[in-house]
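Okay, so here's the structure we're looking at.
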Number of protein chains: 2
Amino acid sequence: MSSPSAAESFPAHTSAGSQIFTTVLSQGPLTRSEVARRAGLSAAAVTKAVRPLIEAGYLVEDVDEDARPALGRPANLVRVDGGRALFIGVKVTGDKIIGVLTDLCCRILVARYVPLAARDPKAVLGSAAELVRELLIEADGLGVRVAGLGMAVSGDVDRAEGVVRYSPFLEWRDVPLAELAAMTTGLPVTVDNDVRALTVAEQWFGAGVGLSGFALVTVGAGIGCGLVVHGKVVAGAHGVAGEIGHVAVDPAGPRCHCGNRGCVEAIASDDAIVRQVRAATGVQVADAVETAGLAHDGVAGAREVYARAGDAIGRGIATVANLLGPERVIISGEGLAAYDLFADHIRDAFATAAFGSAARCDVQTRPLPFDEWARGAAATAIQSFIRSDANQHLRGAAMTQPA
Amino acid sequence: MSSPSAAESFPAHTSAGSQIFTTVLSQGPLTRSEVARRAGLSAAAVTKAVRPLIEAGYLVEDVDEDARPALGRPANLVRVDGGRALFIGVKVTGDKIIGVLTDLCCRILVARYVPLAARDPKAVLGSAAELVRELLIEADGLGVRVAGLGMAVSGDVDRAEGVVRYSPFLEWRDVPLAELAAMTTGLPVTVDNDVRALTVAEQWFGAGVGLSGFALVTVGAGIGCGLVVHGKVVAGAHGVAGEIGHVAVDPAGPRCHCGNRGCVEAIASDDAIVRQVRAATGVQVADAVETAGLAHDGVAGAREVYARAGDAIGRGIATVANLLGPERVIISGEGLAAYDLFADHIRDAFATAAFGSAARCDVQTRPLPFDEWARGAAATAIQSFIRSDANQHLRGAAMTQPA
DNA sequence: GCCCCTTATTTTCCGCTGTCAATGAAAGAA
DNA sequence: TTCTTTCATTGACAGCGGAAAATAAGGGGC
């Protein structure tokens with residue numbers, strides 16, 4: 001995270017402190033004793049960590065009418081005051097920039113879009129700055145300060161340094177985006193890969209809450225996958241991880257743009273589906289909406305394409321399950337709009353290809369409005385904000401001893 | 001780990017203490033300042049942690065003639081005294097039990113085998129106890145106490161509880177092996193899955209030292225894979241992880257015993273190779289040694305089988321690399337004896353199927369004598385021994401908050 | 001209404017850890 | 001000999017988180 005101004009810091013300097021805050025943030029209102037239990041700490045530690053957070057206004061106390069114990073003193077709920085701080089999340093796509101203003105609980109308050117004329121860093125940064133400016137005005141209207149900006153970009157992104165190493169899509173190489181955006185906007189900036197950002201959002205605020213291992217599979221223009229293992233998002237040694245889209249499920253399959261054959265993405269991405277439906281039906285469909293229309297109309301060729309796509313996705317998911325044993329797989333993305341067309345095939349392929357107990361993995365779907373991508377970016381900003389001072393030293397330390 | 005006697009405990013009760021010891025153990029003799037650097041701690045902390053370890057005899061100081069700094073006070077090396085404690089590792093296979101006696105540095109001192117008549121827990125335990133008894137006598141001869149017993153079994157093993165949940169190979173279900181073996185032998189016992197045990201050995205004492213993410217792929221009777229992500233061995237939610245053998249690389253491939261088609265194991269395991277060579281050449285080869293012989297003799301059908309096997313393994317490895325971005329992949333196992341027959345194919349398939357920077361992953365081979373499986377078991381015992389008291393509370397704690 | 005039981009939360013120590021800054025050691029260099 | 005440099009140790013210290021005891025806040029029985 002690149003921080004231009006010495007903003008007021010978050011009052012959870014201890015590791016237990018940020019752990020406790022994170023627990024409350026993601027696991028909803030909780031009693032102190034429940035927090036202690038879930039965080040594996042003593043009740044005393046929770047009391048001590050919670051007080052400054054309440055004083056600073058990040059946590060508030062609620063009376064609980066519902067969930068009081070059958071016996072004994074009633075518990076007080078503690079929850080995050082979402083309105084205490086705002087965040088901006090920005091997602092850069094090929095043709096537009098999406099920006100959202102969220103509260104501390106990562107609820108989207110405002111969403112805005114800006115079309116993108118050019119893809120060079122300068123143009124993108126200019127448009128993003130414009131978008132941020134608009135959202136800052138909205139925030140001003142709410143009278144709450146914006147505590148951070150998160151930016152999500154596809155490709156190889158070095159979050160720690162805030163640098164986009166290589167984004168094939170934008171044709172960027174080694175762009176110090178966090179630094180540039182921090183200078184332009186005056187906000188602390190976090191930059192991360194788009195799928196990883198979405199995974200963070202899911203881990204803290206979505207279907208991944210409380211899980212130490214899960215996979216988020218996004219289906220749409222591309223097929224992506226964010227992985228959480230041992231409670232942390234997997235980043236990969238060379239910025240590559242979660243490339244489920246390029247898991248080859250069929251050596252006889254269609255050629256993929258990556259050069260290989262039979263990648264999941266070459267079979268199940270929007271583009272691939274359009275291409276295959278054209279070939280199978282002869283109809284010159286324009287996009288995924290039309291292909292889905294054909295399939296819904298019962299055109300056999302189109303339905304078969306979706307069947308194959310679902311099969312490929314199911315195999316890809318099974319591969320992840322076989323290798324990592326996640327507790328859950330969350331399927332999401334724009335492609336979900338046509339989910340009914342491949343749901344059964346995904347399920348069947350998964351059931352067939354999952355080995356042994358891996359089949360017990362909970363596979364669920366989750367609608368993903370496009371704004372969610374920007375929300376993911378905001379989630380990374382929230383994450384950085386919470387850890388602003390605390391753990392800073394941990395991040396730099398040599399963490400290569402076995403555990 | 002199931003511990004029957006309150007054995008003298010390891011003097012590294014603090015997390016930093018065991019971290020420092022582990023660093024010295026796996027990264028060889030180091031100066032104190034170098035330890036501090038690698039462990040991300042202050043020099044003072046190292047001094048304080050090292051002293052009791054030296055007093056207890058687990059660490060010893062060496063004078064360094066070679067690697068002294070160009071300037072300034074010469075440094076003293078600290079290293080683990082392997083002879084301070086001994087460990088026994090036991091690996092159970094279908095027809096025999098392999099046992100090794102190792103020192104604290106996991107160097108094999110003695111290796112023994114016992115044939116196995118029956119596979120029921122009682123018979124296995126009896127044979128294992130016999131083996132352990134022999135090794136204890138050897139240890140007595142050395143005058144050093146055996147500080148722990150590690151047992152490695154294939155299948156779903158719950159290490160924390162010391163229970164074999166389900167081993168298809170042995171046909172065991174919920175066998176509390178650690179408890180049983182502890183009662184029989186009087187030693188503290190650690191039980192783990194065999195591939196994970198081997199991965200621990202590799203992480204602490206092999207080609208995985210210092211890496212926060214790597215994969216160990218074993219080729220032989222089965223195709224296995226141990227994964228280390230974020231510095232920890234991946235165990236999987238339902239005891240399943242690293243099942244690279246059941247990653248399906250070809251939907252048109254041969255039927256696998258798991259019910260699916262085209263699994264790596266159905267193409268590249270010893271059995272699969274024998275079966276395919278028989279089909280291709282008509283020669284009734286008996287085992288993998290003979291098939292390798294045929295291939296080495298230039299029999300085209302046999303060579304093709306190995307080519308396909310190498311291709312499948314390479315694709316499987318690429319899948320792991322695409323999903324996890326490990327820093328290194330270590331290929332090992334008995335199948336390596338015929339490595340020259342598929343090396344090129346593995347390499348080619350990996351290069352083709354690895355996506356983008358994933359191809360930069362370091363793929364290396366490492367001979368694996370069969371004793372190594374038992375050494376892996378010993379490594380888990382060493383790991384448990386070092387953590388005996390320290391961190392005990394960490395293991396039980398709720399570790400589900402996002403990080 | 002009073003006392004007892006139970007659970008939640010807070011308070012008060014208290015030990016322990018790891019850092020900091022200062023100091024001592026052990027070369028080689030000037 | 002004295003300075004410089006790096007390694008190692010020491011002692012003071014701040015802070016964290018735990019244990020235990022105290023306090024809070026009901027419900028129920030009498």
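So that the names make sense, note that chain A is the first sequence line, chain B the second, and so on, each numbered from 1. All values below were derived from every heavy atom in this structure, side-chain atoms included, with hydrogens, water molecules and symmetry-related copies excluded. Remember, predicted model here, so these are calculated numbers, not experimental data.
Side-chain contact between B:Leu324 and B:Val229 is present, with at least one heavy-atom pair separated by less than 4.5 Å. Side-chain contact check for B:Leu53 versus B:Phe10: some heavy-atom pair is nearer than 4.5 Å. The shortest side-chain heavy-atom distance between B:Phe21 and B:Val78 does not fall under the 4.5 Å cut-off. Using a 4.5 Å cut-off on side-chain heavy atoms (C-beta onward), A:Leu86 and A:Arg145 make no contact. Between B:Thr102 and B:Leu109, the closest side-chain pair of non-hydrogen atoms is not below 4.5 Å. The side-chain heavy atoms of A:Cys106 and A:Arg375, taken from C-beta on, include a pair separated by under 4.5 Å. A:Val144 is not listed as a side-chain neighbour of A:Arg84, based on a closest heavy-atom distance of 4.5 Å or more.
As rounded to whole Å, 9 Å separates atom P of C:dA8 from atom CD of A:Glu34. If you take CD of A:Gln19 and P of D:dC16, they are 14 Å apart, rounded to a whole angstrom. Counting to the nearest Å, the C1' atom of D:dG29 and the CG atom of A:Leu71 are 13 Å from each other. At whole-Å resolution of the value, CD1 in B:Ile20 and P in D:dA8 are 13 Å apart. One interatomic measurement links the two molecules: CG of B:Asn76 to P of D:dT6, which rounds to 17 Å at whole-angstrom precision. Spacing between atom CG of B:Leu30 and atom P of D:dT6 amounts to 19 Å, rounded to whole angstrom units.
Between A:Ser33 and A:Gly72, the residue whose closest nucleotide on DNA chain C is further toward the 5' end is A:Gly72. Judged by closest nucleotide on DNA chain D, B:Ala44 is the one of A:Ala43 and B:Ala44 placed further toward the 5' end.
Residue A:Thr47 is classed as a base contact, given a heavy-atom separation below 4.0 Å to a base.
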Any protein N or O atoms within reach of nucleotides 15-18 of chain C? Criterion: under 3.5 Å, listing atom names and distances.
unit_1, atom_1, unit_2, atom_2, d
C:dG18, OP1, B:Thr14, OG1, 3.0
C:dG18, OP1, B:Ala16, N, 3.4
C:dG18, OP2, B:Thr14, OG1, 3.1

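The pair B:Arg328-B:Glu202 does not count as a salt bridge, with every side-chain nitrogen at least 4.0 angstrom from each carboxylate oxygen.
Here the side chain of B:Arg32 is nearest to one of D:dT9, C:dG24, C:dT11, namely D:dT9. In this structure, the nucleotide among D:dA19, D:dA25, D:dC7 sitting nearest to the side chain of B:Arg73 is D:dC7.
Residues B:Ala75 and B:Thr31 come closest through the heavy atom pair CB-CG2, 3.3 Å.
One end of the helix from C:dG1-D:dC30 to C:dA30-D:dT1 points its axis 20° away from the other end's axis, with each axis taken from 5 pairs and the angle rounded to 10°.
For A:Arg51, a side-chain nitrogen or oxygen approaches OP1 or OP2 of C:dT11 to under 4.0 Å.
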